[in-house]
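Structure record follows, encoded as C-alpha cells.
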Amino acid sequence: MANAWRREKQPQFLSSRFLLLLFSSSLLLLIFYFVSLRPSSTPSPDAPTVTTTLATKSRFSSPAISPFDCFASPQAHPVIANVVEGVKYPFLYSLSDFGSLPDKPHKNIVRTLKGKAFRRPDISVTVQELLERFRSEGRDGIFVDVGANVGMASFAAAAMGFRVLAFEPVFENLQRICDGIWMNRVGELMDLFAAAASDRAGNITFHKLVGRLDNSAVSSAGAKLAFKSNEEIELQVRSIPLDEVIPESEPVLLIKIDVQGWEHHVLKGAVKLLSREAGKAPYLIYEEDERLLQASNSSSKGIREFLHSVGYRHCTQHGTDAHCTKNG
C-alpha cells in the first residue's frame with residue numbers, strides 16, 4: 001500500500017514550477033558563459049600588463065633610428081642574474097661576462113654561488129643619489145645612459161621610476177639589458193638603442209675583445225688597455241648623435257657617458273642638448289681617462305674646452321669620472 005501511494009503522488013522535483021526554475025537557471029548560465037568568452041573592451045585592472053607593455057610605442061622614435069626590440073631578438077643564454085647589494089632602490093641585472101668557466105668564473109658568479117648579492121657598482125649609487133636629489137627639488141626628466149653595458153646604471157634609474165634612454169652597440173650586452181628589462185618589469189620606462197652615440201649618423205668600426213664584453217671600444221688600443229689581449233673582433237655598428245634622438249622639448253636630468261675614450265665624440269653629437277640654459281641643461285657624468293681618450297685622438301683638455309663653450313663651467317673629478325654642470 002505504501003509503494004502504491006508513492007506511485008500515485010507526483011514527485012516534487014518533477015513539478016512544473018521546478019522544471020521552469022531549472023530551465024531559467026540553465027539559460028542564464030549559458031548566456032553568462034558565452035558572454036564571458038567575448039574579449040573585453042576594457043581590460044581588468046588586475047590583468048597582466050605584459051602585452052600592453054610590448055605594444056607601447058617609444059616616445060623617442062626618430063626617422064634616424066628605432067628602439068631595439070628585445071622580443072624580436074634571440075634570447076640570451078645562459079642567464080646569470082642577481083640582485084645588486086646595498087642600493088637604496090633595489091634592482092637586478094644580468095652578466096654578459098662569465099669569465100673563463102669553469103677555471104676562473106666571474107667574481108659575481110662566485111658571489112651568487114655563495115648566496116651573496118652582486119657587488120654594488122659605484123655608478124648605480126651615484127645615479128640614484130643624484131636622481132633622488134633632483135626629485136626632492138621638484139625636477140623631473142629622463143636619464144640618458146650612453147655605453148649602457150648590461151644596464152647597471154639604467155636599472156638604477158628605472159627602479160626609481162625614471163624614464164631611461166640607453167645606448168649600447170654590443171649585441172650580447174643588449175641581450176643582457178633585455179633580460180634586466182623583463183626581470184625588473186621596466187619595459188614601459190626604458191628605450192634601448194642598438195647604436196653607439198657619436199657626433200655623426202652612420203656606421204663606425206667597433207672593436208670587441210674576445211671574452212671581455214665590458215671593455216669594447218671604437219678604438220682598438222682603447223679596447224685593449226684594461227685587459228691585455230691579442231684577440232679582438234672588428235664589427236660595424238650604427239652610430240647616432242644624441243641630438244637626433246632626443247627632442248628639444250624633452251627634459252633631461254642626467255647623462256652618463258662611459259664609452260672607453262669616445263666621450264668627446266658623444267658630447268659633440270649633443271650640442272643642442274648641452275646648450276640648454278642653466279636649470280634645464282642636464283647634469284653630466286663622463287669617464288675622463290686620459291689613456292683611453294688619447295687612444296681615440298682626444299684629451300681631457302679638449303673635452304673641458306668644448307664643455308666650456310656650451311656653458312659647462314663647473315666640473316669636479318670623482319676618480320676617473322668627471323661631473324659637470326652649468327650650476328655652481
Side-chain angles (χ1 to χ4, degrees), residues 96-97 106 119 121-124 126-127 144-154 166-174 176-177 193-200 202-242 254-271 274 282-310 312 315-324:
S96 60
D97 172 29
H106 192 285
R119 191 177 299 280
D122 292 339
I123 189 62
S124 301
T126 301
V127 166
V144 180
D145 189 0
V146 181
N149 194 252
V150 294
M152 59 187 68
S154 291
F167 294 81
E168 173 57 47
V170 178
F171 180 72
E172 292 86 349
N173 287 345
L174 290 166
R176 300 301 165 177
I177 295 175
F193 294 94
S198 189
D199 52 351
R200 71 184 193 280
N203 293 303
I204 55 177
T205 302
F206 205 76
H207 296 85
K208 182 173 73 171
L209 294 185
V210 175
R212 296 296 315 193
L213 297 180
D214 51 351
N215 269 64
S216 302
V218 175
S219 161
S220 174
K224 293 179 179 179
L225 278 175
F227 299 96
K228 303 296 182 182
S229 173
N230 294 322
E231 295 183 273
E232 67 175 64
I233 300 171
E234 285 190 8
L235 63 156
Q236 291 293 305
V237 300
R238 192 168 187 179
S239 63
I240 190 77
L242 294 181
L254 175 62
I255 302 177
K256 163 254 167 186
I257 307 172
D258 185 354
V259 288
Q260 302 300 307
W262 202 247
E263 283 76 9
H264 199 173
H265 298 271
V266 176
L267 293 167
K268 288 191 292 185
V271 174
L274 298 176
Y283 190 106
L284 185 62
I285 302 174
Y286 68 93
E287 186 178 34
E288 197 177 62
D289 188 314
E290 198 64 49
R291 299 177 309 152
L292 295 172
L293 292 171
Q294 289 179 0
S296 295
N297 298 316
S298 180
S299 68
S300 57
K301 180 182 178 182
I303 290 179
R304 294 293 180 100
E305 290 176 350
F306 168 77
L307 289 176
H308 192 273
S309 72
V310 292
Y312 282 82
C315 292
T316 57
Q317 201 73 21
H318 299 257
T320 58
D321 288 339
H323 289 224
C324 297

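All heavy atoms count here, side chains included; hydrogens, waters and symmetry mates do not. Only a predicted model underlies this, so the values are computations on that prediction, with no experimental measurement involved.
- Between Phe306 and Lys268, the closest heavy-atom pair is CZ-CA, 3.8 Å.
- Heavy-atom minimum distance, Ala153 versus Val127: O-CG1, 4.1 Å.
- Of all heavy-atom pairs spanning Ser300 and Leu293, the tightest one is N-CD1, 3.5 Å.
- Take Asn203 and apply the side-chain contact (heavy atoms from CB on, under 4.5 Å) test, not counting sequence neighbours, and it matches Gln236, Arg238.
- Legend: residues meeting ring-ring contact (aromatic ring centres under 6.0 Å, His included) with His318, ordered by chain and number and at least two apart, are His323.
- Taken to the nearest 0.5 Å, the CG atom of Leu307 stands 6.0 Å off from the CG atom of Leu284.
- Between Asn173 and Ser96 the shortest heavy-atom distance is OD1-OG, 2.9 Å.
- Looking only at distances, no side-chain donor or acceptor of Ser198 sits under 3.5 Å from a matching main-chain atom of Val266.
- Among residues two or more places apart in sequence or in another chain, the ring-ring contact (aromatic ring centres under 6.0 Å, His included) test is passed with Phe167 by Phe193.
- The two atoms that bring Ile177 and Val150 nearest to each other are CG1-C, 3.6 Å, heavy atoms only.
- Between the side chains of Asp289 and Thr320, no donor N or O sits under 3.5 Å from an acceptor N or O.
- The nearest pair of heavy atoms linking Asp258 to Glu287 is OD1-OE1, 2.8 Å.
- Between Val144 and Leu254 there is no side-chain heavy-atom pair separated by less than 4.5 Å.
- With sequence neighbours left out, Pro241 forms a side-chain contact (heavy atoms from CB on, under 4.5 Å) with Ala201, Glu244.
- Judged as a side-chain contact (heavy atoms from CB on, under 4.5 Å), and not counting sequence neighbours, the contacts of Pro282 are Val252, Ile255, Leu273, Leu274, Tyr312.
- Between Val146 and Lys256, the closest side-chain pair of non-hydrogen atoms is not below 4.5 Å.
- The shortest distance between side-chain heavy atoms of Glu172 and Arg176 does not fall below 4.5 Å.
- Annotation: side-chain contact (heavy atoms from CB on, under 4.5 Å) contacts of Arg304 (sequence neighbours excluded): Tyr286, Glu288, Cys315, Gln317, Ala322.
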